[in-house]
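Take a look at the structure below.
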Amino acid sequence: MASSCTLKTITDPVRRRLGTAVLVGLIAGIFSAIVKFGWEVPFPPRTPERNATNPPQALWEMLGMSHETSHATYSYLGNELPYWSFVIHFGFAIFFAIAYCVIAEYWPAIKLWQGAAVGIVLYIAFHVVIMPAMGIVPAPWNQPFGEHFSEFFGHIVWMWSIEIVRRDLRNRITHEPDAEVPLERASVR
């Protein structure tokens, strides 16, 4: 974020690139979903018992999907993988990446700490408030510390990966700096 930006800074409409933001958000969303999967390999977000029906599967079942369907898998190299869980995982990542990239075109403060602040807000919103309130996951105080650790830092890494892709691709596609950076201050490539 440029040093002259504040929480109240709104960009000049002429400098906004909304079509680019949506395209970049789609790409960043796919990339970030894979990054979040990678984070979860060394730091699994749930115990094996709680992962028997993971939160995406529990959500599908709350929406009326049968247990058998929500647990349907496809096989890759002998691994059975839950594709309905992946639909939620990728859908969530893509939705929030597109929203983040579009909002960044209007309100640069969303990029605070290279997206990490948004990651923290989304962790609290979903893993501490919304999903426990819906009964998808236990109350925060009944979740193990390791789950909070995995999800808290996982959301930071996830949103940071979105910001890295957003900034690089937006600037490469438009050949301009972010909308809040005056063009006369932009470096020549």
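For the single chain, residues carry numbers from 1 onward in sequence order.
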- Check: Q143 and M131 side chains under 4.5 Å, non-hydrogen atoms: no
- Would you say W160 and V35 are hydrophobically clustered, going by side-chain heavy atoms of ILVMFWY under 4.5 Å? no
- Item | Connected via hydrophobic side-chain network under 4.5 Å: V14 and L183 | no
- Minimal heavy-atom distance between I110 and A104, with the atoms involved, is CG2-CA, 3.7 Å
- Query: For the side chain of R15 and the backbone of V181, is there at least one donor-acceptor N/O pair under 3.5 Å apart?
  - Reply: yes
- Spell out, yes or no, whether I120 and F149 are grouped together once hydrophobic residues are joined by side-chain heavy atoms under 4.5 Å, including indirect joins. yes
- Atom OG of S85 and atom CG of N51: how far apart are they, to the nearest 0.5 Å? 8.0 Å
- Spacing of I98 atom CD1 and L18 atom CG [to the nearest 0.5 Å]: 12.5 Å
- Message: Contact between E61 and H71 at the side-chain level, heavy atoms closer than 4.5 Å - yes or no?
- Response: yes
- Are I156 and F145 in one and the same hydrophobic cluster, where Ile, Leu, Val, Met, Phe, Trp and Tyr link if side-chain heavy atoms are under 4.5 Å apart? yes
- Note on the structure: The side-chain contact (heavy atoms from CB on, under 4.5 Å) partners of I34 (sequence neighbours excluded) come to I30, F90
- Message: If you define the side chain from C-beta out and look only at heavy atoms, does anything of W107 sit under 4.5 Å from I10?
- Response: yes
- Taking C-beta and beyond as the side chain, do W60 and I88 meet within less than 4.5 Å on heavy atoms? yes
- Considering non-hydrogen atoms only, spot the tightest contact between M159 and V118 and give its length. CE-CG1, 3.7 Å
- Message: How close do G25 and C101 get, counting heavy atoms only, and between which atoms?
- Response: CA-SG, 3.7 Å
- Close side-chain approach of V128 to F152, heavy-atom, < 4.5 Å: no
- Task: Measure across P132 and A139 and return the closest heavy-atom pair with its distance rounded to 0.1 Å.
- Result: CB-CA, 4.1 Å
- Flag side-chain contact, heavy atom, 4.5 Å: E151 against F126: no
- Verify, without hydrogens or angle tests, whether N171 (side chain) and R167 (backbone) share a donor-acceptor contact under 3.5 angstrom. yes
- Any side-chain donor-acceptor pair under 3.5 Å between W158 and S32? yes
- Query: Can you tell me how far the CD1 atom of I162 sits from the CD1 atom of I27, to the nearest 0.5 Å?
  - Reply: 13.0 Å
- Task: Please report the shortest heavy-atom distance between Q114 and Y100, naming the atom on each side.
- Result: C-OH, 4.3 Å
- Message: Hydrophobic clustering (ILVMFWY, side-chain heavy atoms < 4.5 Å, transitive) - are I124 and W141 grouped together?
- Response: no
- Query: Where does the angle between the aromatic ring planes of H155 and H127 fall among parallel (under 30°), tilted (30 to 60°) and perpendicular (over 60°)?
  - Reply: perpendicular
- Looking at L81 and Y76, what are the two nearest heavy atoms and their distance? CD1-CB, 4.0 Å
- Determine whether H148 and Y123 make a side-chain contact, defined as any pair of heavy atoms from C-beta on separated by less than 4.5 Å. yes
- Any residue meeting salt bridge (Lys or Arg N to Asp or Glu O under 4.0 Å) with E40, in chain and number order, not counting sequence neighbours: K36
- Message: Nearest 0.5 angstrom please: R46 CZ to T53 OG1, how far?
- Response: 10.5 Å
- Just how far is it from atom CZ of F153 to atom CH2 of W39, taken to the nearest 0.5 Å? 7.0 Å
- Query: Heavy-atom distance under 4.5 Å between the side chains of E176 and R17, does that happen here?
  - Reply: yes
- Message: So, taking the atom named CD in Q57 and the one named OG1 in T69, what distance separates them when rounded to the nearest 0.5 Å?
- Response: 11.5 Å
- Pairing residues for R170 by the salt bridge (Lys or Arg N to Asp or Glu O under 4.0 Å) criterion, not counting sequence neighbours: E105
